[in-house]
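Reminder, nothing fancy here: chain letters follow the sequence lines and each chain counts from 1. On a predicted model such as this, the values are computed, not experimentally measured, just so you know.
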Protein chains: 2
Amino acid sequence: MGAMLDTEGKETSATHGAYRRLREMILTGVLPPGQKLKIEQLRGLLDTGASPVREALSLLTSDMLVERIDQRGFRAAPVSKCNFEEILLLRCNLEETALHASITNADAAWEDRLVLRHHHMKKASQNGARDFENAHKAFHMALLDNSKMPLLLRYCSQLYDLNIRYRYLAAGGSSYKKRDIAAEHQQILDAALNHDADSATRHLIDHYRRTGEYLSSQMEP
Amino acid sequence: MGAMLDTEGKETSATHGAYRRLREMILTGVLPPGQKLKIEQLRGLLDTGASPVREALSLLTSDMLVERIDQRGFRAAPVSKCNFEEILLLRCNLEETALHASITNADAAWEDRLVLRHHHMKKASQNGARDFENAHKAFHMALLDNSKMPLLLRYCSQLYDLNIRYRYLAAGGSSYKKRDIAAEHQQILDAALNHDADSATRHLIDHYRRTGEYLSSQMEP
DNA sequence: ATGTCAAATAATATCGATATTTTTGGAGTC
DNA sequence: GACTCCAAAAATATCGATATTATTTGACAT
């Protein structure tokens, strides 16, 4: 048995589907930090077998969203102010490198992609938080991806996700209300299109630091 | 059955054992870059079941030593000059940050650890290449680990391993013969013990770049 | 000869079941 | 009354088998 029952046909494999769903649940705080992740429980929740669940948890381990404990199974990675500050610091460091390199390699195709992503992000801000999150990440990654450095991009993507998790935990998904985020994005975009690497990185890092300070202030010690 | 047959009692779990052995085989080039990694073949080679093998391969995927292809299984990650240069660049960037932070947090206990690791490394250089490699990594990680930044250390460790792989591929494990590596290590150690962050990072990065240039020259385009 | 399609083969992905280990709970002792 | 030790329960890790998907082979038509 075990036939293909999904009518949607979206998930390529059970493992990948489990990975994506678990990942989203951890990022958005549905599975809270430190929570024990029992195979049987998740098997029921995701309606799949134990093997895909185990493999998905293994993959999430390397994204640092799940921790493996000895022979005692898995749990959602804990959070701490200290961890958050490390993420912020590394992000600033790595994204500065990546954005510099991206601008060094700047060409028309990249600029087009950038403008497009920015436009999509603005459009998505009318829709739900889910849509905006995706578009927001796509814009930020587009800023970096012209660096043509796959390892660096991977790290930036990982750190982005770790960071977004704190945003969900602190503010239920959108701490965007107070500041004029749109203006900050516009400044970064403009500087990038002008090939002004220093200005672009400065705006980008300010953008992160400001969000970081806000989130930090929301957290206990 | 599946009883505990290992007389050594070293491996905690079949998965972890498979992970370590596969990892070593990929790092040292026993499993060459790009090679298809068939479950059945590895199952026989490691004398274990399919589940531990799969899970080990999943973990290696996140170390970027193994690539997963669609629904077509796994293969050892390919290599390229471009990839090598990215590793070198990121290593310089991240280890500079880590070493600076380590020295900022410097205390007597750290200095003791450092001296000890350096001593062990010197002693191990008389033994086989395997022993030296382990001691060498331990020394380099000890330089960084006082930064108290777990994510950063993890990335540094990953990149160290990716780099060592190129050394094995280029020179069969030891490209140490030409230069006076011992002197370079001594310089780094002395600067670190003097809390001279700038000098230490400069020596460290020179150390990497020199090795990098040598390896780069050994590679095709 | 060459390209195409279908059956056969091989490999992967997944399931269900078992063995191992950890945790829990309670009886007996100091 | 608190602590240790042993049995019961739960959870994990692993195995063997099956279903699914990719790859190869070979026959057929062009």
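- In A:R209, the CZ atom is not crowded: 12 or fewer heavy atoms of neighbouring residues, nucleotides or ligands sit closer than 6.0 Å.
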Are there any protein N/O atoms within less than 3.5 Å of an N/O atom in nucleotides 9-13 of chain C, and if so, which ones and at what distance?
from   : atom 1 : to    : atom 2 : distance (Å)
C:dT12 : OP2    : B:I39 : N      : 3.4
C:dT12 : O3'    : B:Q71 : O      : 3.4
C:dA13 : OP2    : B:R54 : NH1    : 2.5
C:dA13 : OP2    : B:R54 : NH2    : 3.1

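- Per the geometry, CZ belonging to A:R43 stands 11 Å off P belonging to C:dA17, to the nearest Å.
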Check against ring pair (Phe, Tyr, Trp, His ring centres under 6.0 Å), B:H118 and B:H136 | CA-CA 8 Å; B:H118 184 250; B:H136 185 245; over 10 Å; no
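- Salt-bridge formation is not detected for the pair A:K123/A:D131: no Lys NZ or Arg NE/NH1/NH2 atom is positioned less than 4.0 Å from an Asp or Glu carboxylate oxygen.
- Checked against the 6.0 Å centroid threshold, A:Y208 and A:H140 count as a close aromatic pair.
- Ring-centre distance between A:F139 and A:H119: not below the 6.0 Å cut-off.
- Side-chain nitrogen and oxygen atoms of A:T48 include none within less than 4.0 Å of the OP1 or OP2 phosphate oxygen of C:dT14.
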